[in-house]
2 protein chains.
Amino acid sequence: MLRYSEIKNILKSHKLSVTVVRVDVLEFFIRENRALSFKDLEDEFKDSDRVTLYRTLNSFTDNGVLHKIPDDSGFATYGLCHDTCSSEDHNHDHMHFKCNKCGTIECLNLHIPPVKVPGYQVTEANLILKGICNNCAAA
Amino acid sequence: MLRYSEIKNILKSHKLSVTVVRVDVLEFFIRENRALSFKDLEDEFKDSDRVTLYRTLNSFTDNGVLHKIPDDSGFATYGLCHDTCSSEDHNHDHMHFKCNKCGTIECLNLHIPPVKVPGYQVTEANLILKGICNNCAAA
DNA sequence: TATCAAATTGCAACAAAATTGCATTTATTA
DNA sequence: TAATAAATGCAATTTTGTTGCAATTTGATA
Ligand SMILES: [Mn+2]
Ligand SMILES: [Mn+2]
Ligand SMILES: [Zn+2]
Ligand SMILES: [Zn+2]
């Protein structure tokens with residue numbers, strides 16, 4: 001659990017003004033320690049306005065607080081960026097994992113090795129693994 | 001360009017009845033040789049009913065004719081499965097490429113090397129590369 | 001701390017995307 | 001060809017996401 005002062009610093013360092021909703025949402029992401037969907041936010045912040053939550057996700061993504069994780073479900077999920085991300089430079093060369101049992105999507109601390117494809121200029125790679133997560137495997 | 005008889009066989013071998021819409025859509029996928037979105041179908045088949053197109057994509061995906069390709073745009077795209085895919089066994093260990101210039105998404109004939117993550121049971125991997133595609137790089 | 005411009009929020013309306021129910025048509029099998 | 005099952009087309013509905021705008025909050029400055 002992060003202090004308010006630290007949450008505030010994260011927002012400021014990403015050039016975002018500090019508002020109640022933003023602090024709450026960011027704190028939620030840090031506390032949950034997993035990728036979250038819009039629906040997750042809606043469930044958690046029942047009295048917040050939908051539009052504000054959408055806009056929060058968007059400004060967080062624009063400013064390098066969150067990154068979108070590709071998914072074939074049709075629902076984007078968002079994961080916390082590394083400290084170094086900004087609106088200028090998003091950098092996400094880590095793998096993601098989606099559990100087929102509990103549905104959780106997480107950022108893995110594993111680097112995606114560079115891939116070369118003849119004739120193509122590859123500038124970005126997204127690797128999404130699926131299977132049974134740590135928790136579900138142990139249970 | 002595939003013959004009607006061949007298209008028909010693909011449908012039959014995937015336990016799908018042969019209808020006008022299904023033949024047209026499958027032929028379109030084969031002809032285009034790239035991943036297609038719902039919008040692509042809607043544009044191509046202007047007089048077809050949207051609902052039928054949605055249902056076609058779903059039954060194709062259920063029965064192993066198409067596979068969904070994860071994307072962070074919010075719009076699913078679909079690629080042709082290998083002959084061996086069925087409703088029982090979808091198998092897609094190949095990479096995908098999305099071009100940032102022309103927007104085309106394609107299935108690459110490149111196998112994703114197996115990834116091991118300690119404590120996790122990995123059963124599937126999706127690798128989506130981005131950059132400049134073959135065509136756009138040449139132009 | 002008081003003031004003020006700029007940004008964010010909440011609400012309503014709107015637009016887009018996807019789903020459902022059902023009557024009609026089409027395909028498959030016998 | 002007839003009977004059965006499945007797919008289609010249409011209308012209505014739901015879900016998801018966006019836009020405009022007035023009210024509120026924030027951050028900077030005096
Ligand atoms: Mn991540
Ligand atoms: Mn593919
Ligand atoms: Zn799990
Ligand atoms: Zn291209």
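Chain naming here is simple, since letters A, B, ... match the order of the sequence lines and numbering starts at 1 in each.
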Checklist line | Aromatic ring proximity A:His67/A:His82, centre distance under 6.0 Å | finding: no
Spacing between [X] atom [atom1] and [N] atom [atom2], to the nearest angstrom:
X	N	atom1	atom2	answer
B:Ile7	C:dA27	CD1	C1'	18 Å
B:Lys8	C:dT28	NZ	P	8 Å
B:Phe60	D:dT8	CZ	C1'	14 Å
A:Leu11	C:dT8	CG	P	11 Å
A:Asp40	D:dT16	CG	P	12 Å
B:Lys15	D:dA7	NZ	C1'	19 Å
B:Asp62	D:dA7	CG	C1'	14 Å
B:Leu16	D:dA6	CG	C1'	11 Å

Does the side chain of [X] reach to within under 4.5 Å of the side chain of [Y], using non-hydrogen atoms?
X	Y	answer
A:Leu80	A:Leu26	yes
B:Asn126	B:Pro70	yes
A:Leu11	A:Phe60	yes

Side chain of [X] only, please: which of [options] is the nearest?
X	options	value
A:Asn58	C:dT9, C:dA17, D:dT18	D:dT18
B:Ser17	C:dA7, D:dA7, D:dC21	D:dA7
A:Asp49	C:dG10, D:dG9, C:dT28	C:dG10
B:Tyr54	C:dA17, D:dC10, D:dG20	C:dA17
A:Phe38	D:dT8, D:dG17, D:dG20	D:dG17

Next item on the list: Report yes or no: is there a donor-acceptor pair, N or O only, under 3.5 Å between the side chain of A:Arg50 and the base of C:dG10?
Entry: no
Next item on the list: State whether the side chain of A:His90 and the backbone N or O of A:Thr61 hold a donor-acceptor pair below 3.5 Å, judged by distance alone.
Entry: yes
Next item on the list: Using heavy atoms to find the nearest nucleotide of DNA chain D for A:Val51 and A:Thr19 separately, return the residue whose nucleotide is more 5′.
Entry: A:Val51
Next item on the list: Scan B:Arg22 against the nucleic acid and name what it touches under 4.0 Å (heavy atoms): base, sugar-phosphate only, or nothing.
Entry: sugar-phosphate
